[in-house]
2 protein chains.
Amino acid sequence: MNANAKEAILAAAKRAAQARGYGGLNFRDLAAEVGIKSASIHYHFPTKADLGAAVARRYREDAMAALDALRAEAPDALAALRRYPETFRHALLAGNRMCLASFLAAEHDDLPEPVLREVLAFMEANVAWLARQLAEAGITAEEQAEPRARAVMAAIAGAQLMARSRADVGAYDALIAGYRQAGMLP
Amino acid sequence: MNANAKEAILAAAKRAAQARGYGGLNFRDLAAEVGIKSASIHYHFPTKADLGAAVARRYREDAMAALDALRAEAPDALAALRRYPETFRHALLAGNRMCLASFLAAEHDDLPEPVLREVLAFMEANVAWLARQLAEAGITAEEQAEPRARAVMAAIAGAQLMARSRADVGAYDALIAGYRQAGMLP
DNA sequence: GGTTGTCTACCATCTGATAGGTAGACAACG
DNA sequence: CGTTGTCTACCTATCAGATGGTAGACAACC
């Protein structure tokens, strides 16, 4: 913990925000979890908006790294697409958390502008990744890949929301299966 | 305003919660909007949990009344289904608000138990309505109507979330259109 | 006269944030 | 070598504002 406090703060804040949102983030609890004092968090992140933006940024970076790894491991675009829902399943499983960007999207009206910017960037990055795989897999035509990618992402965000309300990963799995049956997901 | 304060409180709280969630609800702002003092709200709703549960309950009742009216006006189940997305479109249009239940689902970890119960009840009621229309319209077999209804609801919740993050009803419309094209919605 | 609804006046708690201090690492200078 | 100054990363102590909630007075109404 003494090793690199800033990283520890980011990691803890990421977890907390996925469970309680931006409004649920608070310096004292975060400090206690990391093992320092709240004033020290202000040293690394002067304001809550700074912290929120940094967390959202880190979340996006981690997610993109995971998607790139997923694509690298998968034999083709279709296989990568099939495994896309797993990305979010993991958070539900570990503490009934959800996609940070989806949570923050709900909190839209209370977000500092830099935080909101990161949220939108996360979504655009996901849409771009999805659109690439969709086109490459030949599921949609090149020019229809983006709207379809947006639909996929929105549908998955909704599934997380529903599953979280019941604190039940099974609900998420069932919804994903339903999307597949309806031809929404490959 | 003096006419029926309790109703006015509920209405204002419903609007506020659709924009800022349960955590965003606060007695002082609510009182100011209604034109009374915060202590008076405590008279009608002793605790915040009571207020939250009452708001969620009212939201569910209003929504069900709207759905019943929709079904009564529509010539058949298919027509009613086609107009289902409009229910949520309205909130987005009026102040970039979203479905209260979806918002509260995100706040799952911070909800008093009675509030959470109402959220789940709202979802079950919507699923039941959707399943009925889906079966009646012959879109799915009777026994597959419920899982499909859940998928429809989750997809629409996700669309609201995405649209809200961009404060753009057009995004919602585009996503609904995408769902239709993918065969997810009639 | 009791019930109902609202008020004024508080209170305890939590929140983000600031001021000011301190211990240690490190480099520069003489 | 040792003194000096600077920087980093933390600390203690405190603040102002917001929040949910309570007590008790008061007036209107039945």
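Letters A, B, ... are given to chains in the order of the sequence lines, protein chains preceding strands, and every chain is numbered from 1.
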Expressed in angstrom and rounded to an integer, what is the separation of [X] atom [atom1] from [N] atom [atom2]?
X       : N      : atom1 : atom2 : answer
B:Phe27 : C:dT6  : CZ    : P     : 15 Å
A:Leu30 : C:dC14 : CG    : C1'   : 16 Å
A:Arg28 : C:dT13 : CZ    : C1'   : 11 Å
B:Ile9  : C:dT4  : CD1   : C1'   : 14 Å
A:Lys48 : D:dA18 : NZ    : P     : 15 Å
B:Lys37 : D:dG24 : NZ    : P     : 21 Å
A:Ile41 : C:dT18 : CD1   : P     : 15 Å
B:Phe45 : C:dT6  : CZ    : C1'   : 15 Å

key: Residue-phosphate contact under 4.0 Å: A:Ser40 side-chain N/O, D:dA9 OP1/OP2   = no
task = Look at the side-chain N and O atoms of A:His44 and state whether any lies under 4.0 Å from the OP1 or OP2 oxygen of D:dC10.
result = yes
message = Within the supplied structure, the quantity of interest is the number of heavy atoms (other residues, nucleotides, ligands) at a distance under 6.0 Å from A:Glu124 CD; does it exceed 12?
response = yes
message = Need one value for A:Leu25: base, sugar-phosphate or nothing, where a base atom within 4.0 Å counts as base even if backbone is also close, heavy atoms only.
response = sugar-phosphate
message = Under 4.0 Å, heavy atoms only, any strand: does A:Tyr43 hit a base, just the sugar-phosphate, or nothing?
response = base
Can you figure out which of [options] approaches the side chain of [X] most closely?
X       : options                : value
A:His42 : D:dC11, C:dG16, D:dG20 : C:dG16
A:Asn26 : D:dG21, C:dT15, D:dC11 : C:dT15
B:Ala5  : C:dG16, D:dC11, C:dT6  : C:dT6

inquiry  = Among A:Leu175, A:Ile176, A:Asp168, exactly one meets side-chain contact (heavy atoms from CB on, under 4.5 Å) together with A:Tyr172. Which residue is that?
reply    = A:Ile176
query = Starting at the 5' end of DNA chain C, which residue's closest nucleotide do you reach first, B:Ala39 or A:Ala49?
reply = B:Ala39
message = Over 60° means perpendicular and under 30° means parallel, so tell me whether B:Tyr84 and B:Trp129 are parallel, tilted or perpendicular.
response = parallel
query = Does B:Met123 reach the side chain of B:Asn126, with side-chain heavy atoms less than 4.5 Å apart?
reply = no
key: A:Glu7 and A:Arg58: CA distance, side-chain angles, deciding distance, side-chain contact (heavy atoms from CB on, under 4.5 Å) verdict   = CA-CA 10 Å; A:Glu7 286 303 310; A:Arg58 170 60 56 93; 2.7 Å; yes
